[in-house]
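Written below as structure tokens is the structure these notes are about.
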Amino acid sequence: MTTARRIAVVSAGLSNPSSTRLLADRMVSATVAQLAEQGIEAEADVFELRDYAHDITNNLLTGFAPPALESMINTVVSADAVIAVTPIFSTSYSGLFKSFIDVLDPDALTGKPVLIGANAGTARHSLAIDYAIRPLFAYLHAEPVSTGVFAASSDWGASGDQVAPLGERIDRGARELAEAIVRKQPAASSDPFDPANYLGEGRSFGHLLGGLAGE
């Protein structure tokens, strides 16, 4: 019996509804469909970072993740793959998206397949995926797939890119992520209360407290 694969979806949109979430939903649907074609069942957990904004701030200030954020982080870092989508502000990822990355242990996403998505008002920001977001995941030792999915406002209407339509870009990225998931062994289920899941392997609250104390 094939183990169902788990995909964690992180959307950093600020409005409700948001084009960021719309893009994330289409990316995960395409990935699940690609896996289904290979006879692999997949489940997705979708997280809106705006729902955790206060908890993320508290984590940055205190060093401790409130329970809801702790549970979300554990789900993300224990998933078989991550789909991460952010709006582009000032030619880069949003502050909320970066703050979430900052509360993760630097090794938490090591070797994790990632499909990157971004959206902005204009196609002029399409390179932000490669010059800003991809290096962020490289720093985390994650394994982003080659295709990043960028959507400008025009991509949601009839005036979108006709040479490489958004749907084709989503399908290409989803296919690459599905292939990366297939190549890896399914992630083992983990204890949501194990500090190693969000503090890093071999670390404990003692390490965290020692770090806060300057030891």
Side-chain angles (χ1 to χ4, degrees), residues 1-13 17-52 56 68-87 93-94 96-97 100-101 103-105 107-119 129 133-134 136-138 140-151 166-192 194 197-198:
M1 180 176 173
T2 303
T3 302
R5 305 303 176 91
R6 295 181 297 112
I7 302 171
V9 185
V10 177
S11 172
S18 74
S19 54
T20 303
R21 174 60 187 270
L22 179 60
L23 179 59
D25 287 344
R26 290 189 58 179
M27 291 166 68
V28 70
S29 294
T31 303
V32 171
Q34 290 283 346
L35 289 168
E37 288 183 3
Q38 302 185 53
I40 297 175
E41 181 183 353
E43 302 171 352
D45 294 293
V46 182
F47 300 102
E48 292 271 13
L49 290 187
R50 61 185 179 81
D51 295 337
Y52 299 87
I56 291 171
L69 177 61
E70 178 183 313
S71 177
M72 186 266 273
I73 290 175
N74 183 68
T75 300
V76 171
V77 303
S78 64
D80 292 285
V82 173
I83 294 175
V85 188
T86 177
Y93 39 72
S94 71
L96 178 59
F97 184 81
F100 171 68
I101 295 297
V103 303
L104 298 177
D105 183 271
D107 297 319
L109 298 182
T110 297
K112 190 84 64 184
V114 177
L115 175 57
I116 300 170
N119 68 286
I129 286 181
I133 308 172
R134 193 175 298 277
L136 189 62
F137 283 100
L140 294 173
H141 309 293
E143 297 181 359
V145 298
S146 298
T147 297
V149 182
F150 178 86
L166 178 59
E168 291 185 6
R169 283 176 271 147
I170 290 173
D171 287 343
R172 184 168 62 250
R175 183 169 55 253
E176 292 174 5
L177 184 63
E179 291 171 351
I181 293 172
V182 170
R183 287 194 298 267
K184 288 185 173 291
Q185 291 294 323
S189 297
S190 56
D191 179 1
D194 182 358
N197 288 322
Y198 42 89

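Numbering of residues begins at 1 and proceeds along the displayed sequence.
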All N/O donor-acceptor pairs, side-chain side in residues 27-34, below 3.5 Å, sequence neighbours left out:
residue: Ser29; atom: OG; partner: Asp25; partner atom: O; Å: 2.9
residue: Thr31; atom: OG1; partner: Met27; partner atom: O; Å: 2.9

Revision key, fill the gap. When rounded to the nearest 0.5 Å, the distance separating CZ of Phe100 from CD1 of Ile73 is 5.5 Å
Review point. Side chains of Ile7 and Leu35: closer than 4.5 Å at any heavy-atom pair?
Key: yes
Practice item. Provide the closest heavy-atom pair for Ala174 versus Leu115 in the form atom of the first, atom of the second, distance. Key: N-CD2, 4.0 Å
Exercise for review: Would you give the length of the straight line joining atom CG of Leu69 to atom OH of Tyr52, rounded to the nearest 0.5 angstrom?
Suggested key: 8.0 Å
Check your understanding: Does a donor on one side chain sit under 3.5 Å from an acceptor on the other, for Asp45 and Thr75?
Key -> no
Review point. Where the side chain of Arg134 meets the backbone of Ser146, is there a donor-acceptor pair that is under 3.5 Å apart?
Key: yes
Point to revise | Non-hydrogen atoms of Ser18 and Gly13 that approach each other most closely | key: OG-CA, 4.0 Å
Study note, to complete from the structure: Closest heavy-atom pair, Ala151 versus Leu166, reported as atoms and distance to 0.1 Å, is CB-CD1, 3.9 Å
Check your understanding: Between Lys112 (side chain) and Ala79 (backbone), is there a donor-acceptor pair under 3.5 Å?
Key -> yes
Practice item. Of all the heavy-atom pairs spanning Asp80 and Ala4, show the shortest one and how long it is. Key: OD2-O, 4.4 Å
Check your understanding: Can you name the closest pair of heavy atoms from Pro144 and Ile116 and give their distance?
Key -> CB-CD1, 3.9 Å
Check your understanding: Would you find a donor on one side and an acceptor on the other, under 3.5 Å apart, between the side chain of Arg5 and the backbone of Ile181?
Key -> yes
Check your understanding: Just by modelled atom types, is the Glu48 backbone N or O under 3.5 Å from a matching donor or acceptor in the Arg21 side chain?
Key -> no
Practice item. Determine yes or no for a side-chain-to-main-chain donor-acceptor pair under 3.5 angstrom, with Gln38 supplying the side chain and Val182 the backbone. Key: no
Review point. Which of these, Leu23, Val10, Leu177, sits in a side-chain contact (heavy atoms from CB on, under 4.5 Å) with Ile83?
Key: Leu177
Point to revise | Short side-chain to backbone donor-acceptor contact, Lys184 and Gly111, under 3.5 Å | key: yes
Point to revise | Candidates Leu104, Leu109, Thr110 - the one meeting side-chain contact (heavy atoms from CB on, under 4.5 Å) with Asp107 | key: Thr110
Point to revise | Side-chain heavy-atom pair Glu70, Asn74 within 4.5 angstrom cut-off | key: no
Review point. Side chain to side chain contact (heavy atoms under 4.5 Å, CB included) with Ser94: which residues, sequence neighbours excluded?
Key: Ala12, Thr86, Pro87, Phe89, Leu96, Phe97
Study note, to complete from the structure: Heavy atoms of Leu140 and Asp105 approach each other most closely as CD2-O, 4.5 Å
